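Values in this document were obtained by computation on a predicted structure and should not be read as measured data.
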Amino acid sequence: RKIDCWVNFGVTQAYYLKCCSCSKEFKLSDKELKEIALSYIDKETLSEVDPTLFDFFPLLCSLFCHKKDKRLFTHPTEVIEEAITDLKNNSHTSFIALALLVLYNNDLKKEVLRMKAVDNLIEEICQECDIEQAYNKKPDQVTFNRLMGEYICETGDSYTAVHDKMFDIIAISVSQLIMGVVIKNVPSEFIRNRMQLKCLGESDMHNIILIAAVHEESYLSRIEIEIKNANYQAVFDNLNTKREEYRNRLQKFFDEKIKPGNFPVTSDNISPLHIVASLGYVDLVQYMIEKHYHQNNLVDADGKTPFMYACENGHVNVVEYFAKFSPKIVNVNKRTKNGESSIHLAAFNGHTQVVEQLINLGFDVNDKTNENKTPLYLACKEGHYNTVKLLLDLNGDDKDSRVDTGIKDEDELTPLHIACHKGHTEIVELLIANSMDINDTANDNLPPLCQACHGGHYNTVKLLLELYEHDEYIR
């Protein structure tokens with residue numbers, strides 16, 4: 001039974017599991033939830049609560065053993081936030097331990113606690129919280145033991161929260177108490193995924209930390225540091241940039257802080273224009289082209305331009321915007337080091353609309369990479385039915401506008417071979433309907449049927465065997 005998963009861990013450690021209701025395989029029934037609950041709470045308390053209200057109900061039962069507060073089962077965030085505020089006021093080292101957990105994004109290595117950097121963080125925490133440093137505030141093993149089970153657990157050489165949801169609550173609570181320290185010191189990933197300016201409105205995500213107006217300048221200062229470090233995912237791929245209002249503000253910030261041509265590139269030669277093109281922000285693409293035009297045709301370590309980033313990520317509006325410019329300003333015809341053009345990247349990722357755009361712009365539908373792979377081949381390999389159908393449906397009068405299904409890669413594999421090898425049965429059927437030869441062989445002398453058998457794809461093999469029953473397919 002699923003309940004055995006919990007029992008085998010021991011009822012006192014059941015809260016380590018994180019699959020209460022997220023996984024269909026391990027989702028616990030109401031009866032199983034109640035059985036676990038009775039390991040922590042009495043029947044009378046259980047009769048007053050709803051086990052299905054939160055997907056981390058076993059964790060709440062465990063916490064109830066510590067707090068004896070029935071509000072845990074109705075308003076858990078409120079109760080835990082109150083408790084953390086109480087730690088700040090009455091148990092400084094315990095609060096600092098939780099603050100460090102946040103500052104290291106739920107992966108607090110024990111060896112880190114011995115570093116000078118932690119001493120500096122503790123000093124910043126104490127200053128922001130007005131905690132006197134009359135004695136050493138660094139958390140010791142006793143402190144972590146005191147928090148064990150209720151807030152944190154020990155996993156090898158690290159301390160982490162007992163549950164992802166618990167860390168969400170700790171992160172929100174601690175951040176509101178030491179926002180300046182958090183903005184300055186947390187990893188970029190934490191800021192990207194968890195922090196949003198309050199002025200942009202409420203978020204529908206449960207784990208978001210809202211940054212009040214008083215800390216907005218600190219946030220923008222952090223963004224400036226990320227720019228100097230060329231960490232453009234942190235600058236552009238975050239919760240705030242999804243809002244047009246913030247993107248407008250960001251452009252004004254760039255005008256004040258960044259001189260034209262002063263955006264550094266990453267070690268892989270990736271520019272900010274690459275990133276905003278990959279994210280689909282037309283307004284930021286326009287800004288970068290107008291203000292930092294020297295990066296328009298910059299290629300990264302793989303030979304990809306910003307235009308290619310837009311194509312491989314399927315951003316129709318960005319592709320359309322790029323295409324307005326002359327080749328001197330935006331060269332859409334560059335190739336990667338592997339000989340891929342933009343239409344190859346779009347087809348490989350199944351962006352059918354972009355493929356159609358590129359065809360209308362004059363891209364060769366039979367263009368080949370260094371390995372002799374066509375857009376059709378790549379779409380077949382990755383199982384993108386709609387893209388394959390678009391390419392096969394081309395019937396222009398011009399020879400160059402018709403797809404040549406017989407082009408083979410360097411191993412003499414056709415699109416049909418690779419579709420069979422990957423088990424994309426619907427695409428195999430589509431290719432055969434377009435007169436592809438099911439008896440054609442590759443370098444290894446294997447026909448499509450053998451490719452499907454080698455890949456272990458039952459439905460594809462079944463389709464091909466049924467076709468072999470017809471005389472027209474027998475050779």
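Checking side-chain atoms of His344 against main-chain N and O of Lys373 turns up a donor-acceptor pair under 3.5 Å.
Evaluation of the ring pair (Phe, Tyr, Trp, His ring centres under 6.0 Å) rule for Tyr281 yields no partner, not counting sequence neighbours.
The local environment of NZ in Lys228 is sparse, with at most 12 non-hydrogen atoms from other residues, nucleotides or ligands closer than 6.0 Å.
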Can you list the steps and then say if Ile289 with Tyr321 is a side-chain contact (heavy atoms from CB on, under 4.5 Å)?
CA-CA 11 Å; Ile289 288 177; Tyr321 182 77; 3.7 Å; yes
Step by step, would you call Tyr377 with Ile418 a side-chain contact (heavy atoms from CB on, under 4.5 Å)?
CA-CA 7 Å; Tyr377 179 101; Ile418 198 64; 3.7 Å; yes
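Residues Leu298 and His274 have side chains in contact (heavy-atom distance under 4.5 Å, counting atoms from C-beta outward). Side-chain contact check for Glu312 versus Phe348: every heavy-atom pair is 4.5 Å or farther apart. For the pair Val235 and Pro272, the minimum side-chain heavy-atom distance is 4.5 Å or more.
Between Phe144 and Tyr159, the ring planes are parallel. Angles under 30° get that label, and only those over 60° would be called perpendicular. Note on ring orientation: taking the six-membered ring where Trp is involved, the planes of Phe236 and Phe254 are perpendicular (angle over 60°, cut-offs 30° and 60°).
A salt bridge links Lys109 with Asp107: the closest approach of a Lys/Arg side-chain nitrogen to an acidic carboxylate oxygen falls below 4.0 angstrom. Taking 4.0 Å as the cut-off between side-chain N and carboxylate O, Glu128 and Lys184 do not count as a salt-bridged pair.
Note: Leu361 CG to Glu320 CD = 9.5 Å, rounded to the nearest 0.5 Å.
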